[in-house]
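So the structure is just underneath, and the comments pick up after that.
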Protein chains: 2
Amino acid sequence: MEIGLKKSKHPCGVCARRKVKCDRLIPCTNCIKRGQENECVDTGKRDAEKKDYNSELIKFWHTYEYYVLDVGLFKLQLTDSNGKLEDFSSRWGDVQSIMDLVDLDQSFQLLDYSMERLGPLFFGCLSDIGEIYVKLDDYWGRRDEGVPSNLDECYWDALLWAIFTMAVYYMTPEKLATVFSEDQLQKWVGQESKNTQLNLLPAFTECTIMQLYNANFMANPDIKLIQIYLILCNTNFNWSNTHLSSTLLILCLHVAKMFHIDDFRSLINDSTAMKLSKLTCEKLWYRLCTYDYLQSSPQRSISCHGEISSLLQHAAYLEDLPNTDVNQSEDNFEVLYWKLISLDRDLDQYLASPTKPPLKTLDAIQRQTEIFQTKISNMVEEESFSSAFEKFLAIFLLRSVCWKLHKMYFIFYDTSDSLTASIHHAKSLIALLVNNVRAKKRIFFNKHPIVLMTFSRVASFYAFANIFMQKLTVEEIHADLKELLAHLPPTFGYKLENLTYLVDRLDQLKSIWEKIILIDSKNPFQHPIMLILKNDVERIYQILQRGPSLIRGTGLQSPKRLFQDDYEFNMDDNNKEIALIVIEFEKKFDIGGILT
Amino acid sequence: MEIGLKKSKHPCGVCARRKVKCDRLIPCTNCIKRGQENECVDTGKRDAEKKDYNSELIKFWHTYEYYVLDVGLFKLQLTDSNGKLEDFSSRWGDVQSIMDLVDLDQSFQLLDYSMERLGPLFFGCLSDIGEIYVKLDDYWGRRDEGVPSNLDECYWDALLWAIFTMAVYYMTPEKLATVFSEDQLQKWVGQESKNTQLNLLPAFTECTIMQLYNANFMANPDIKLIQIYLILCNTNFNWSNTHLSSTLLILCLHVAKMFHIDDFRSLINDSTAMKLSKLTCEKLWYRLCTYDYLQSSPQRSISCHGEISSLLQHAAYLEDLPNTDVNQSEDNFEVLYWKLISLDRDLDQYLASPTKPPLKTLDAIQRQTEIFQTKISNMVEEESFSSAFEKFLAIFLLRSVCWKLHKMYFIFYDTSDSLTASIHHAKSLIALLVNNVRAKKRIFFNKHPIVLMTFSRVASFYAFANIFMQKLTVEEIHADLKELLAHLPPTFGYKLENLTYLVDRLDQLKSIWEKIILIDSKNPFQHPIMLILKNDVERIYQILQRGPSLIRGTGLQSPKRLFQDDYEFNMDDNNKEIALIVIEFEKKFDIGGILT
């Protein structure tokens, strides 16, 4: 799996300017010694020729997008080592009481809901869908008779609860109210809860996790761990439990390798059962790689998605998977989805890298998106929800890739129509979601995590661009996106709130940008709002770089906060407003307490 | 971290003989298709020129040593998915009652014991040893007042219990009886227990693990997880809980990377606290790599020790760790120990590989062992137990490396004095242990896991060699080792029993070797005892290759058991005896149930 120090092909910008030997590590040792790690990462090019300020400012966006939107918003969680913990036995008690409250009929309603509507989210994880009903019967049989469970049964219980959790996540509040009585819901989440559904999810998730503990899953590896984890990935589980999710993902990779699920080469003598088993392995592996990629973070160095090469290296792709017929695989939703994800990876890899994406690469991705456009249009849409959901996910992801592609064209090459094209794709992303809302029955499609992940990028980008650019089209799309943000499913919870906060804050910065005009310096990076944005990045970066707390005070290295120290401009009236904006960021991102 | 398909430099022996194109994967795809994976692994050389049967037979040893001794004996554990599980809440209850039974005075006695005698096993894991006493006071303060614990405190509780577990493991039964009353011990392990101490360990280990659960450690990563794990590694924890240990190790690697403990480069502006913190990181990292290597197994594909290169590549070694002054590090026990371990790795890598160790490599290792011999002799031995224990561990490991080296010289090159030299080193290993027994106070040194790991190799090798070789010196060392085996610490538990079984079984095979003489075939690999030994390897190999049980019957692929199928020789009287030997192996290694 990927790990270790990364090396750049060129000396870093800081060393190049200082004319010293750069060891090309990212960040390089010189920069670390001088405390300039962060500048080392984002200045790969000579910044001598700054002809167009705005376009230079726009280029800063990718650093911001990577640290604040990708990592900061979704993949960062700080633990307070002084916070009181709930006693394990009382956690266990809570879980028991929740499980006791769900009756047979309700459990079958939850399962029915998942079977009818959420097919593409979990059918691929199982060799035999029908088996689940049998297992749910078993579950009740054992509960009624008080028979103790064996290992296999414990894992199945966890799997069933993962499916229940997913059902609770996707149901509309109205549907949920038909399954559980108001009494029950209040018992679980308390009377004065604003969003019952959102508060119900942690309880159901906890039931799933506790069943895993019950299976003593760390001592008893089983393939079902992967299935359970992948099902939970369809909910807000990963955002709400960043570390737990990382940990489980790593254990899934371990189990996957232990049982060789990545080796699904078909052999001459394979029985029918073996063939079916290998097909499921293939689907599990692609799905695992998909989530491994989507949750990749500098905080997690054990990763597997790199083992499947990009669609762009088609020849290499075929060679790397000996005896795998890629064309045959194409029929799987899992493989189709992975291929789209691999295009996303081809683009997003440049966010955190000092190198600029070659035009050749962008053009190659462009060609691939066209091919997929045709492929997806040809997908036979049956009358079922599952089929419609599958198609929605594929189209949404394809549009997302298209948008990212044109955003990159715009930022790095500013080709004539790139901004317009990016806005076009942003609009079609909006249209997809609005259609689901209009066709009421499909409204739950919008709850898929990929929706918020994509929208966080799109919405914040135009809010940022809108600061510097005086363009009506940008202003319009920005307004559209803000409106949509207000109507995204509330089940996205505080991640949606944080995103809304970030977008509003960028609007606030626009007014400062217009108010304060730098006279003495012509470098727009000296402008307060750029310092604020750089400070945001810096805070996230510091958290990522923190060492262990072996000795008090060595955990986080000397956090430098803007406006507290000797920054390059003086305090005046405006700066009080700015200081508030800076401090609020840490509060909103839950990182304040640790850094001070 | 290391992962993925391995590739060989040469086509495999099977393909070479069949004159087909080999894709050089290990095992290669052709061999997998033909069900000959195992032969692919161990026949790298042309076996045309079999001049000396015995020396060819001896060469088979490394395959056996790797699969049966290294992996099979220590790193394999099968789980029975139909076995009933203890309910989690009752496990929790058991832990509570054990923790309630250990009083303040006893806890301090356990800590004192560890502080006085077990220094080299855990001092390196902690920045400030004195802190532990403060934390134990805290522990009792919180228990007396019923104050709920916070995260940091939960982790400290687990750390304290890891130290208690280690103390219980190393104490002599007499010492243990002075700490705990007979009443208490009986309450924990039951009246009719044969080995109280051995049965006490799982209870104490469970207490440690449950404290980790209490800290919700998967959701709250903390460096203390690594410290706790490394302390448990000094006991029989890894053998008794193979999967749990693997899982924890992987999580430790994750946490280590998250907190950058492998980046202990000193920077100009480091504070004293930071310097101390980095020193501890360095020690933790080397220790973690040591245990990662010692427990490396085909079942665990996530691993880190490969990130530190071998001592042999000294130049590369210095380059790979930028700014690390290797000579300065030399003073650490942890680094010294790692360097010896890296020599062990340089040798043992050839066990599972089809390539023969170049004479040049063996000679280079030989030179290194001479350097270390001097270094260790110069170690200042203070009067303390810790210092004596440290020196013992270093010398024992060095002798073990020397023995492995000369065993390799013997097997691959059969140089004039290699067998004699290997016997010499085996004898000095025995002498080290016997000295500890004689100097009574040091008897607990022999309980270190490395002792059994090394002895499993030495004892079984001469038992094997003794089958074919008519040599008095071999017979003598074999007898000495058997005697020593009977006197190894009973705390090694069933691993020691399994090893004794294996050695006795090899003796049994010797009598068959002498009884049955093949007439029609001149290939000794056709001899029943070779078939039996190959069958042992095959069984382990099948377990390692097993797939997931997604569909009934696909978990393990068609196990072929000797004497059940169409094997190359006919059943007669002798073969009943042999059949028993074969079947017993599976029973003794706890793999029978799963394979049938």
Side-chain angles (χ1 to χ4, degrees), chain A residues 1 3-4 23 29 32-33 79 81-85 87-89 92 127 148-152 154 213-216 218-223 241 243-244 247 250-251 253-254 257-261 267-268 273-274 276-277 280-281 299-302 307 322-323 546-551 553-554, chain B residues 1 3-4 23 29 32-33 79 81-85 87-89 92 127 148-152 154 213-216 218-223 241 243-244 247 250-251 253-254 257-261 267-268 273-274 276-277 280-281 299-302 307 322-323 546-551 553-554:
Chain A
M1 313 223 170
I3 212 163
D23 64 6
T29 310
I32 290 175
K33 283 198 179 163
T79 48
S81 61
N82 294 317
K84 295 291 173 207
L85 283 175
D87 190 49
F88 202 79
S89 47
W92 187 252
S127 286
S149 307
N150 66 30
L151 182 57
D152 196 50
C154 285
Y213 282 131
N214 217 11
N216 201 359
M218 298 209 298
N220 299 314
D222 191 291
I223 189 85
N241 306 273
H243 288 303
L244 179 59
T247 307
I250 291 167
L251 297 184
L253 300 182
H254 171 54
K257 290 286 174 181
M258 179 184 282
F259 291 110
H260 314 282
I261 75 155
L267 304 183
I268 298 162
M274 184 55 82
L276 193 55
S277 180
T280 310
C281 284
Q299 297 230 62
R300 179 168 57 82
S301 46
I302 299 166
E307 290 178 36
N323 300 329
R546 77 191 185 285
S549 55
L550 283 160
I551 296 167
T554 54
Chain B
M1 316 225 166
I3 212 162
D23 63 7
T29 309
I32 291 175
K33 283 198 180 164
T79 48
S81 60
N82 294 316
K84 295 290 171 207
L85 283 175
D87 190 47
F88 202 79
S89 47
W92 186 253
S127 285
S149 306
N150 65 29
L151 182 58
D152 195 52
C154 285
Y213 281 129
N214 219 10
N216 200 0
M218 298 209 298
N220 299 313
D222 191 291
I223 189 85
N241 307 272
H243 289 303
L244 180 59
T247 308
I250 291 167
L251 297 184
L253 299 182
H254 171 53
K257 290 287 173 179
M258 179 184 283
F259 291 110
H260 314 282
I261 75 156
L267 304 182
I268 298 162
M274 184 56 81
L276 193 57
S277 180
T280 310
C281 283
Q299 297 230 63
R300 179 169 56 82
S301 46
I302 299 167
E307 290 178 36
N323 300 329
R546 78 190 184 284
S549 55
L550 282 160
I551 295 168
T554 55

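The shortest heavy-atom contact between B:Lys257 and A:Ser301 is CB-OG, 2.8 Å. In terms of heavy atoms, A:Ala219 sits closest to B:His243 at O-CB, 3.3 Å. Of all heavy-atom pairs spanning A:Cys154 and B:Leu85, the tightest one is SG-CD1, 3.7 Å. When all heavy atoms of A:Cys281 and B:Leu550 are compared, the closest pair comes out as SG-CD1, 3.8 Å.
For B:Asn241, no part lies near chain A; criterion is any non-hydrogen pair under 4.5 Å. For B:Ile261, the part sitting under 4.5 Å from any heavy atom of chain A is the side chain, from C-beta outward, and nothing else. Heavy-atom distances place both the backbone and the side chain of A:Leu276 under 4.5 Å from chain B. Using a 4.5 Å cut-off between heavy atoms, B:Leu251 touches chain A through its side chain atoms alone. Proximity to chain A involves both the backbone and the side chain of B:Ser89, based on heavy atoms less than 4.5 angstrom apart. Of the atoms belonging to B:Ile223, it is side-chain heavy atoms, and not backbone ones, that fall under 4.5 Å from chain A.
Ring planes of A:Tyr213 and B:Tyr213: perpendicular class, angle over 60° (limits at 30 and 60°).
Side-chain contact between B:His260 and A:Arg546 is absent, with no heavy atoms from C-beta onward closer than 4.5 Å. Between A:Trp92 and B:Trp92, the closest side-chain pair of non-hydrogen atoms is not below 4.5 Å.
Here the CG atom belonging to A:Leu244 is positioned 7.0 Å from the CG atom belonging to B:Asn216, to the nearest 0.5 angstrom. If you take CG on A:Leu253 and NE2 on B:His254, they are separated by 11.0 Å, rounding to the nearest 0.5 Å.
The side chain to side chain donor-acceptor pair (under 3.5 Å) test applied to B:Thr247 returns no partner, not counting sequence neighbours.
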